[in-house]
Amino acid sequence: MEVFRGPLGVYPIARDGRPAFRPRRGYRLTIFRDSGSPCFFEILLPVLEIFDVFRSLSDLLPEMVYPILERPPEPEEDLPPWPHGRFASLGSYMPRRLVLPRFLEHAFQIQNDGMLGAGMAGRTDEDAFREVFLDEHKTLRFITESPDEVHRLLDEHGVPYDEDLVLVSERPHAHKSLVALDELRDLFAEPELAYDSIFNRIARELGLPRRYP
């Protein structure tokens, strides 16, 4: 059986005497008929494939997008406790070609840190909404009004359609920031959390609104 190599910071766990869930690569599609962009793709990939597909999906976005970063809330932000409340920082519209390199530069942290999410969104000339987003569970999400081109792209990457796909978020699992992993502790300055460090850095580079230390 092929081993699914997941991210370092989010992973299935055993619970109630049951073994840990074994993820498998694939994607599923949900259609929301009452939406202008009704097609919601959820894609589960081994960690080393995530940004190849992220990069390809980003080519389906408009040339002008706004970047999105998510992280757990800080105490003063008056949000529900994580994971129910998450802080989202949304940037102004800017060229996609300026946003993607910032994410690729920090790809290791974004695709492995179990507290961090990142993506881009925008509207086409026909005013259809499109978004690519890698959430904290490392599920790759894509919203579009045009599913055929996404099906083709995923087929080119060898990602199978699986209507019975189960996501890591739907089974018992754990989250960690990279700084909590002993083998990576020396990569980050203590006591700064890895996700906060990367969040701040990308936000600063892209001019996203937030308070900097």
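Values in this document were obtained by computation on a predicted structure and should not be read as measured data.
Distance check, rounded to the nearest 0.5 Å: CZ of R15 to NE2 of H173 gives 8.5 Å. For the atom pair CD (E149) and CG (L60), the distance works out to 4.5 Å, reported to the nearest 0.5 Å. To the nearest 0.5 Å, the span separating CD1 on I202 from CZ on R71 amounts to 12.5 Å.
Residues L98 and F54 are members of separate hydrophobic clusters, defined by side-chain heavy-atom contacts under 4.5 angstrom among Ile, Leu, Val, Met, Phe, Trp and Tyr. Linking ILVMFWY residues whenever their side-chain heavy atoms come closer than 4.5 Å, directly or via other members, leaves Y66 and F142 in distinct clusters. Grouping the Ile, Leu, Val, Met, Phe, Trp and Tyr side chains by contacts below 4.5 angstrom, directly or via other members, places L208 apart from M64. In terms of hydrophobic clustering, with Ile, Leu, Val, Met, Phe, Trp and Tyr side chains grouped at heavy-atom distances under 4.5 Å, L69 and F133 are assigned to different clusters. A single hydrophobic cluster is seen to contain both I110 and L206, as judged by linkage of ILVMFWY side chains at heavy-atom distances under 4.5 Å, directly or through other members.
Residues F103 and I68 share a closest heavy-atom pair of CZ-O, 4.0 Å. Closest heavy-atom contact between Q111 and L134: CA-CD2, 4.0 Å. Contact detail for P7 and N112: the closest heavy-atom pair is CA-OD1, 3.5 Å. Of all heavy-atom pairs spanning V99 and P67, the tightest one is CG1-CB, 3.8 Å. The two residues F21 and P23 come nearest to each other via the heavy atoms O-CD, 3.4 Å. Taking every heavy atom of both residues into account, L29 and P147 meet most closely at CD2-CB, 4.4 Å.
Contact annotation: the side chain of E131 never approaches that of F40 to less than 4.5 Å [non-hydrogen atoms, C-beta and beyond]. A heavy-atom distance below 4.5 Å is found between the side chains of V132 and L140. Here the side chains of F4 and L44 are in contact, with some heavy-atom distance below 4.5 Å. Looking at L45 and D52, their side chains never come closer than 4.5 Å, going by heavy atoms from C-beta outward. L165 has its side chain out of reach of E42: every pair of non-hydrogen atoms, C-beta onward, lies at least 4.5 Å apart. Inter-residue side-chain proximity for H151 and F41 is flagged as met; some heavy-atom pair is nearer than 4.5 Å. Contact check for R171 versus P12: no side-chain heavy atoms found under the 4.5 Å cut-off. Counting heavy atoms from C-beta on, the side chains of D113 and F199 never come closer than 4.5 Å.
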Going through the distances and angles, do C39 and I143 end up as a side chain to side chain contact (heavy atoms under 4.5 Å, CB included)? CA-CA 6 Å; C39 304; I143 299 172; over 6 Å; no
Let me see the working for R55 and L104 under side chain to side chain contact (heavy atoms under 4.5 Å, CB included), right down to the final yes or no. CA-CA 8 Å; R55 184 189 294 108; L104 296 179; 3.8 Å; yes
Can V168 and K138 be said to form a side chain to side chain contact (heavy atoms under 4.5 Å, CB included), step by step? CA-CA 9 Å; V168 174; K138 308 312 161 191; over 6 Å; no
If you apply the rule side chain to side chain contact (heavy atoms under 4.5 Å, CB included), what do you find for V150 with L57, and how did you get there? CA-CA 7 Å; V150 183; L57 287 171; 4.1 Å; yes
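Between H137 and H175, the two ring planes are perpendicular [angle over 60°; tilted spans 30° to 60°].
With sequence neighbours excluded, the residues forming a salt bridge (Lys or Arg N to Asp or Glu O under 4.0 Å) with R102 are E105, E205, listed by chain and number.
With hydrogens and angles ignored, the 3.5 Å screen pairs a side-chain donor or acceptor of E170 with a backbone N or O of L167.
A salt bridge is absent between R141 and E70; no separation between the charged side-chain nitrogens and carboxylate oxygens falls under 4.0 Å. One finds a salt bridge joining R130 and E145 here, because a Lys/Arg side-chain nitrogen approaches an Asp/Glu carboxylate oxygen to under 4.0 Å. The pair D59-R96 counts as a salt bridge, with a side-chain nitrogen and a carboxylate oxygen less than 4.0 angstrom apart.
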Indicate every side-chain donor-acceptor pair of residues 153-161 with a distance under 3.5 Å to a residue at least two apart or in another chain.
{"residue": "H157", "atom": "NE2", "partner": "S56", "partner atom": "OG", "Å": "2.8"}

